[in-house]
S.K.: 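Quick one: structure below, then a few questions.
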Amino acid sequence: MALVSPTRTTDAPDREPLLSYALTTDPDPLKASEENPSTPEEKGELIIVGSRRHRDPADVERIKVKVPAGTLSPDLATNLSSATARISLDRWTGTLNESSDEFVFTPAGSYETIGPDTGFTIQLSQIPISRKVGTAPITVTEYSRTSGNAFPARSTTFDVGKFPADFYLREFIAEPLVIDNGGEVTLTWKRSTNATYELLYGDTSLNVTNETTRTITNVTSDTTFYLRGTTSSDPTNPVTRILTTQVTVRRPDLDVGNLTVNGQTLFHNSVRAISDVTVTGGMNVEGALTADGTLTANGDVNAVTVGKTVRVADLRGPAGTPLKINSHVNVLTGNNVTIGGALTANGTLTANGDVNAVAAGKTVRVADLRGPAGTPLKINSHVDVLTGNNVTIGGSATVVGTLVAGGAVQFATALFSARPTRQNYPRGTNKPGEGNKWTMTAAKDGFLVVEAASHQWFSDDEMHGRKHRIFVSTPGITYYFDLVARGKKTQQDSQGIWGNTSVPLAKGSHVSVWITDVDNAGSTKEWVAMNICWYTLGA
């Protein structure tokens, strides 16, 4: 038997039925009686199944079934006097109200409580079917409540067709029932010639009035096919019969709105999401993943095939945990990436635009961090290299923040350039003094390093502790260090005396270097040498 679906609920939303109903007919479909009044009418039966699907029970005062009777095409019966009515509920009875063409079913008490475990059947048998082809409205009205004292009327209507005696539409079959993605299915059916027929599926409608078979190609998803036959003796009230069949596609294409996945999802081919996608579990995409809406990943999203692309309007990881990217992320020129949280990249992060860590204390972790070819990578925040991890810089490095290195920092090109200058003072009584200064002006920011050594000996210990003093003078401050005599007995016992200092200089600063004999107790064996080295910052 074919199931007749309700066409409409006649009451307002707050008066919708509390019970659910399904209607079938016997025979299926019903046949209109011969138009010759001397010919006995065809007999038919209506079977109505009712239930309470909601978990809360409903109180039902009575149920009415209206069956239109008369001589017009919207009338199902010629009359109802010979019809019989039964209901499967205990202590319920059914009576006919001929004046209103209604069968009325009532319980023994004032009402009956019907819960989710209670189902029932109403059978209206031996109905003499009208002699006019057409569609008749069968209305089921319940008087029910879940609370309060009143039992408002709540109605459901079914459209039941009466077909010509020689009409038939049956055996709608799909072959095969399971196909590969992009495969084809052959549909066959049997039908009479006194109707028009349409094949419906998806957004497609095909006129198949003169056909009994049709092959559909390139089927990419599970599909339900509808075969609709329409006939009428009254154009204003046609009668329609619909049969269905379904085909299942292996690995079908999927076109969805919002998609929520709570478990692991694996895609072997490309995925296109027109709306938002939320992934609570994991998702593996071997093809390309294109999301026109927001892709929210509460689990891992892995593009497992090299060279495939994940394109999203908004890519987010789960709240409170970092987003894991195990493949390459390529940000095209002119497109910026702003990271408010942590970014962990186990592959290569190539940024042709700016990558900004906008929240203080957030971390960008990458296995391979590169800027665009030909231009330096700009890091405007702190870079913290943990102990045991080295940083090697092949080119120049500009750090606006602080560079903290727990490991070694190696530069392939020197950050400092050295210009050493050596000044020797031979031994003798002519001591270097104020008149023997070495002076210069710093062309760049840098450091001046002064080293001095003296070999000085005495015949006794009287001069022990005597010294020369090395002065380095810059604007506002003068530095010095001493070369202290050791007072050795013989020249062979003498040892080198040395010292050094390092002075920072800004570009344009003047500096002077000279030596004095602090104790004015020299030796004819004196010999002092100085190295003056200049190191500029930058290449």
Side-chain angles (χ1 to χ4, degrees), residues 1-7 22-36 39 41-47 73-74 76 129-138 158-253 255:
M1 297 183 185
L3 188 67
V4 181
S5 300
T7 57
L23 185 149
T24 55
T25 68
D26 186 20
D28 175 31
L30 294 177
K31 302 291 186 177
S33 300
E34 291 274 348
E35 291 195 19
N36 186 350
T39 304
E41 296 99 336
E42 298 284 342
K43 297 298 176 64
E45 182 179 53
L46 300 178
I47 303 100
S73 63
L76 182 73
I129 305 302
S130 167
R131 299 183 185 277
K132 292 290 186 180
V133 173
T135 300
I138 307 299
F158 298 88
D159 287 336
V160 176
K162 301 165 294 170
F163 290 83
D166 56 352
F167 171 86
Y168 65 91
L169 177 61
R170 58 179 179 264
E171 298 181 32
F172 185 33
I173 299 172
E175 181 65 32
L177 293 175
V178 180
I179 62 175
D180 292 328
N181 191 308
E184 63 180 37
V185 58
T186 298
L187 306 172
T188 59
W189 59 90
K190 294 182 179 180
R191 48 83 177 157
S192 61
T193 59
N194 57 344
T196 59
Y197 299 93
E198 291 177 280
L199 179 63
L200 309 170
Y201 61 96
D203 296 329
T204 302
S205 175
L206 303 175
N207 188 326
V208 292
T209 297
N210 299 320
E211 302 175 40
T212 57
T213 184
R214 174 66 74 98
T215 297
I216 308 300
T217 61
N218 193 30
V219 181
T220 59
S221 61
D222 295 352
T223 303
T224 299
F225 296 93
Y226 302 86
L227 183 61
R228 181 170 64 193
T230 303
T231 185
S232 175
S233 59
D234 179 1
T236 64
N237 187 26
V239 60
T240 299
R241 178 170 172 79
I242 298 176
L243 300 181
T244 64
T245 189
Q246 190 173 38
V247 64
T248 300
V249 175
R250 301 182 187 94
R251 297 181 179 177
D253 290 355
D255 185 3

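Source: prediction; values computed, not measured.
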S.K.: I need the Arg228 CZ to Leu243 CG distance, nearest 0.5 Å.
M.R.: 12.5 Å
S.K.: Using a 3.5 Å distance criterion without hydrogens, assess whether the side chain of Thr244 forms a donor-acceptor pair with backbone atoms of Phe225.
M.R.: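 No.
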S.K.: Heavy atoms only: give me the nearest Leu206-Arg214 pair and the separation to one decimal.
M.R.: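 Closest approach of Leu206 to Arg214, heavy atoms only: CD1-NH1, 3.3 Å.
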S.K.: State the OG1-CD distance between Thr24 and Glu45, to the nearest 0.5 angstrom.
M.R.: 8.0 Å
S.K.: Under the side chain to side chain contact (heavy atoms under 4.5 Å, CB included) criterion, do Glu198 and Ile242 qualify, and how do the steps go?
M.R.: CA-CA 9 Å; Glu198 291 177 280; Ile242 298 176; over 6 Å; no
S.K.: For the backbone of Arg251 and the side chain of Asn181, can you confirm whether one donor and one acceptor N or O come within less than 3.5 Å of each other?
M.R.: yes
S.K.: I need the Thr204 OG1 to Tyr226 OH distance, nearest 0.5 Å.
M.R.: 13.0 Å
S.K.: Might you confirm whether atom CD of Glu211 has over 12 heavy atoms from other residues, nucleotides or ligands at distances under 6.0 Å?
M.R.: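 Atom CD in Glu211 is packed in, count exceeds 12.
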S.K.: If you take all heavy atoms of Gly44 and Pro27, which pair is closest and at what distance?
M.R.: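 Smallest interatomic distance, heavy atoms only, reads CA-CD, 4.3 Å.
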S.K.: Contact between Leu76 and Leu46 at the side-chain level, heavy atoms closer than 4.5 Å - yes or no?
M.R.: yes
S.K.: For residues 216-225, which residue pairs pass the side-chain hydrogen bond (donor to acceptor under 3.5 Å, both in side chains) check, not counting sequence neighbours?
M.R.: Thr224-Gln246
S.K.: If you take all heavy atoms of Ser33 and Ile129, which pair is closest and at what distance?
M.R.: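 Shortest heavy-atom contact: OG-O, 2.5 Å.
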S.K.: Which atoms form the tightest heavy-atom contact between Val247 and Pro176, and what is the distance?
M.R.: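 The pair with the smallest heavy-atom distance is CG2-O, 3.7 Å.
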S.K.: Decide whether Thr213 and Thr188 meet the rule of one side-chain donor and one side-chain acceptor closer than 3.5 Å.
M.R.: no
S.K.: Which atoms form the tightest heavy-atom contact between Tyr197 and Gly229, and what is the distance?
M.R.: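 Heavy atoms of Tyr197 and Gly229 come nearest at CD2-CA, 3.5 Å.
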S.K.: Taking C-beta and beyond as the side chain, do Thr240 and Thr135 meet within less than 4.5 Å on heavy atoms?
M.R.: no
S.K.: Which atom pairs, one a donor and one an acceptor, fall under 3.5 Å between side chains of residues 164-174 and the rest of the protein, sequence neighbours left out?
M.R.:
residue: Asp166; atom: OD1; partner: Asn194; partner atom: ND2; Å: 2.8
residue: Tyr168; atom: OH; partner: Arg191; partner atom: O; Å: 3.0
residue: Glu171; atom: OE1; partner: Lys190; partner atom: NZ; Å: 3.2

S.K.: Report yes or no: do Asp234 and Ser232 form a side-chain donor-acceptor pair below 3.5 Å?
M.R.: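 No pair is found: no donor N or O on one side chain lies under 3.5 Å from an acceptor on the other.
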S.K.: Does the side chain of Leu227 come within less than 4.5 Å of Val208's, by heavy atoms?
M.R.: yes
S.K.: Once you round to the nearest 0.5 Å, how far does OG of Ser233 lie from CZ of Arg131?
M.R.: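 Separation between the atoms: 13.5 Å.
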S.K.: OG1/Thr25 to CZ/Phe158 distance, rounded to the nearest 0.5 angstrom?
M.R.: 12.5 Å
S.K.: Decide yes or no for Leu199 and Ile216: does some side-chain heavy atom of the first lie under 4.5 Å from some side-chain heavy atom of the second?
M.R.: yes
S.K.: Go through the structure and list residues passing salt bridge (charged side-chain N to carboxylate O under 4.0 Å, His left out) with Glu184, not counting sequence neighbours.
M.R.: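 So Glu184 forms no salt bridge (charged side-chain N to carboxylate O under 4.0 Å, His left out) with any residue.
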S.K.: Mind listing the closest non-hydrogen atom pair of Lys31 and Glu42 along with its distance?
M.R.: O-CB, 3.7 Å
